[in-house]
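A short write-up of the structure that comes next.
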Amino acid sequence: MTIKPDPSTPIPSDLGAVHFVGIGGSGMSGIARLFLGAGHRVTGSDVRDSANIGALRELGAEIAIGHDAANLGDDIDTVVVTGALWQDNPEYQLALSRGLPVLHRSQALAALIAGQRLVSVAGAHGKTTSTGMIVTGLLALDADPTFVNGGVLADLGVSSASGEGELFVVEADESDGSFLLYDTSVALITNVDPDHLDHYGSREAFEQAFVEFADRAREFVVISSDDAGATRVRERLSHARIVTFGEAADATVRVHSIVTDGPVAFAVDYEGATYRARLAIPGHHNAINAAGAFAVLTGLGFDPAAALAGIARFAGTGRRFELHGTVGGVSVYDDYAHHPTEVAAALAAARTVVGPGRIIAVHQPHTYSRTQAFAQEFAEVLEQYADETVVLDVYGAREDPVPGVTGALVSERFAHPEHVSFIADWQAAADHTAQIAREGDFVITLGCGDVYRIVPQLLGSLERELG
């Protein structure tokens, strides 16, 4: 069983020296960076070295590779954990036996936020990009926010930073209910597409959590006008100030005239005026994300034209349609998409810029429960948007294996099996991808597990085949 947030855990007024178990992830490393900036001694551990860990070490963090009770020094005051850890983790167990405060990462972040004006971005999809757009816009507007995002902002090279302004912007995680721990001033809900039902148990419970999250916002709520789940949530809200965004005719911030042949361009109608922008990134969905960010910034009182111009500077985030290299005219991208809706959006965006080339998707299903629940939907969107698909085996993450649930559960549901291959061995998968690729194609790895680690193998196989 994995570690679940316990909101009843008292948060000490002074966290002192803090040890992060699983410090290398984008969320944990971002929080650790802020603790270092606030003057705390930071130690930590993770299963493997990474660029995030290297950056934290340069800032003064002491980090061990591998989880071991010996990593937890006698002088540690507080331990921070992530929900991806199993309860038998030796550092976690030692912290409990010592009686140390053990905080979920969201509680540690809540301690840092205390007393600041918080913008929380939640949703089943789009929250990392939307958070990045808000932060980019605020920086362009000289608001200098503090922020923690789930991905590295491409133009800043970090996923978090401490600012001098009054605003604190966070990507709020709904997967385990921890987004309810924050004292939110402004809530942005990008969508409420059913996910994480292994935690919530039902769509109704999942949506109710968003109702609670929105109604707790001190100032206002920004919510999608288009998403069916968001519409159901909105109908149940009692909040006095609700701002909607999307393509719906009655949206407070209405986005229209979306052009997707390359970097996406669009227009926004707001309070009787029309504003236009072109982003640096492709995808119809990113025009919608930009409208949500625009609704947040204008709701905070910023000038509409200046706000949209600031958002347009957003250059993307790591693991969101991120180009890693081109060999023999074949470009290799990586994307975090791990839900059918996200996969469809990522591949649709790729289609707008691939030109006459083909799209080859390398899909790593994430968690056994999601694969079991959405195998048919994954097959349908992969078959619709990709020309060829390679399915890897399931990345279990926090879950135990389920008999009969493998990547084949997705590949077997293709209507045209000649366009899909289930290949569990990564080198064999990379070699097969290189053999079917040709000049002008895009290869895109998809998943929120460790599928990005296959990229060097893909590039190597392409070099041998086409280089």
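We count residues from 1, following the sequence as given. Predicted model, so just to flag it, every value in this text is computed and none were measured.
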Could you go through Tyr270 and Thr298, starting from their C-alpha distance and side-chain angles, then the distance that decides it, and tell me whether this counts as side chain to side chain contact (heavy atoms under 4.5 Å, CB included)?
CA-CA 9 Å; Tyr270 175 66; Thr298 52; 3.8 Å; yes
Dump the intermediate steps for side chain to side chain contact (heavy atoms under 4.5 Å, CB included) on Asp400 and Trp86, then the final yes or no. CA-CA 10 Å; Asp400 289 322; Trp86 295 94; 3.6 Å; yes
- Message: Could you go through Glu399 and Ser369, starting from their C-alpha distance and side-chain angles, then the distance that decides it, and tell me whether this counts as side-chain hydrogen bond (donor to acceptor under 3.5 Å, both in side chains)?
- Response: CA-CA 8 Å; Glu399 297 180 348; Ser369 59; 2.5 Å; yes
Does the side chain to side chain contact (heavy atoms under 4.5 Å, CB included) test come out yes or no for Arg236 and Gln208, once each step is laid out?
CA-CA 9 Å; Arg236 292 155 62 184; Gln208 181 57 34; 2.5 Å; yes
ask   = Can you check side chain to side chain contact (heavy atoms under 4.5 Å, CB included) on Val264 and His284, steps first, answer last?
value = CA-CA 7 Å; Val264 66; His284 183 281; 5.6 Å; no
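The two residues Ala349 and Gly283 come nearest to each other via the heavy atoms CB-CA, 3.6 Å. Summarising the geometry of Val80 relative to Met28, their closest heavy-atom pair is O-CE, 3.7 Å, with the distance given to 0.1 Å. Between Gly292 and Leu188 the shortest heavy-atom distance is O-CD1, 4.2 Å. For Glu219 against His239, the heavy-atom pair with the smallest separation is O-CE1, 3.3 Å. Contact record, Val391 with Phe422: O-CD1, 3.2 Å, taken as the closest heavy-atom pair. In terms of heavy atoms, Leu347 sits closest to Val381 at CD1-O, 4.5 Å.
The closest side-chain heavy-atom distance from Val362 to Thr433 is below 4.5 Å. You'll find the side chain of Gln107 reaches within 4.5 Å of the side chain of Leu181, heavy atoms only. By the 4.5 Å heavy-atom criterion applied to side chains, Phe220 and Val222 are counted as neighbours. Using a 4.5 Å cut-off on side-chain heavy atoms (C-beta onward), Phe245 and Val268 make no contact. Under the 4.5 Å side-chain criterion, counting only non-hydrogen atoms from C-beta, Val152 is not in contact with Ser26. Proximity of Leu156 to Phe147: side-chain heavy atoms (C-beta onward) are separated by under 4.5 Å at one or more points. Looking at Val410 and Phe374, their side chains never come closer than 4.5 Å, going by heavy atoms from C-beta outward. In this structure, Leu15 and Phe35 have side chains that are in contact, with non-hydrogen atoms separated by less than 4.5 Å.
Taking the six-membered ring for Trp and the full ring otherwise, Phe213 and Tyr182 have centroids separated by 6.0 Å or more. Aromatic pair Tyr333/Phe442: centroids less than 6.0 angstrom apart.
Within the 3.5 Å criterion, the main-chain N or O of Leu446 finds no donor-acceptor partner in the side chain of Asp335. Without hydrogens or angle criteria, Glu322 side chain to Gly318 main chain gives no donor-acceptor distance under 3.5 Å. Ser160 places a side-chain N or O within 3.5 Å of a backbone atom of Gly30 that can act as its donor or acceptor partner. A donor-acceptor pair under 3.5 Å is formed between the side chain of Arg216 and the backbone N or O of Leu180. The backbone N or O of Ile454 lies less than 3.5 Å from no partner atom in the side chain of Gln457, so there is not a single donor-acceptor pair. The main-chain N or O of Ile436 is never found under 3.5 Å from a side-chain atom of Glu388 such that the two would form a donor-acceptor pair. Without hydrogens or angle criteria, Glu377 side chain to Pro340 main chain gives no donor-acceptor distance under 3.5 Å. Distance alone, capped at 3.5 Å, is enough to place a donor-acceptor pair between the Asp215 side chain and the Ser238 backbone. Without hydrogens or angle criteria, Glu383 side chain to Ala415 main chain gives a donor-acceptor distance under 3.5 Å. Under a 3.5 Å cut-off, the side chain of Gln93 and the backbone N or O of Gln87 do form a donor-acceptor pair.
Checked by atom type, the side-chain pair Thr244/Thr252 shows a donor-acceptor distance below 3.5 Å. Side-chain polar atoms of Asn289 and Thr129 form no donor-acceptor pair below 3.5 angstrom. Between Thr352 and Thr260, the side chains place no donor N or O within less than 3.5 Å of an acceptor N or O (distance only, hydrogens not considered). Ser224 and Asn191 form no side-chain donor-acceptor contact under 3.5 Å, judged by distance and modelled atom types alone. Gln376 and Glu380 share a side-chain donor-acceptor pair at under 3.5 Å. Side-chain N/O atoms of Glu91 and Ser45 include a donor and acceptor closer than 3.5 Å.
To the nearest 0.5 angstrom, Arg319 atom CZ is 4.0 Å from Asp334 atom CG. Rounded to the nearest 0.5 angstrom, Phe314 CZ and Leu153 CG are separated by 6.0 Å. Rounding to the nearest 0.5 angstrom, the gap separating the CG atom in Leu85 from the CZ atom in Arg105 is 10.5 Å. Of the inter-residue distances, the one linking Ile423 atom CD1 with Ser411 atom OG reads 10.0 Å to the nearest 0.5 angstrom. If you take CD on Glu171 and OG on Ser130, they are separated by 9.0 Å, rounding to the nearest 0.5 Å. Of the inter-residue distances, the one linking Asp193 atom CG with His125 atom NE2 reads 3.5 Å to the nearest 0.5 angstrom.
With Ser120 as the fixed residue, the side-chain hydrogen bond (donor to acceptor under 3.5 Å, both in side chains) test singles out one of Thr184, Asp183, Thr131: Thr184. Of the options Leu382, Asp441, Ile444, Thr389, a side chain to side chain contact (heavy atoms under 4.5 Å, CB included) to Ile359 is made by Ile444 and by none of the others.
Counting only residues at least two apart or on different chains, the ring-ring contact (aromatic ring centres under 6.0 Å, His included) pairs with a member in residues 376-417 are His363-Phe378, His366-Tyr395.
Ionic pairing of Arg351 and Asp387 is present here: one or more N-O contacts between side-chain nitrogen and carboxylate oxygen are shorter than 4.0 angstrom.
For Arg218, the CZ atom is loosely surrounded, since the number of other residues' heavy atoms within 6.0 Å does not exceed 12.
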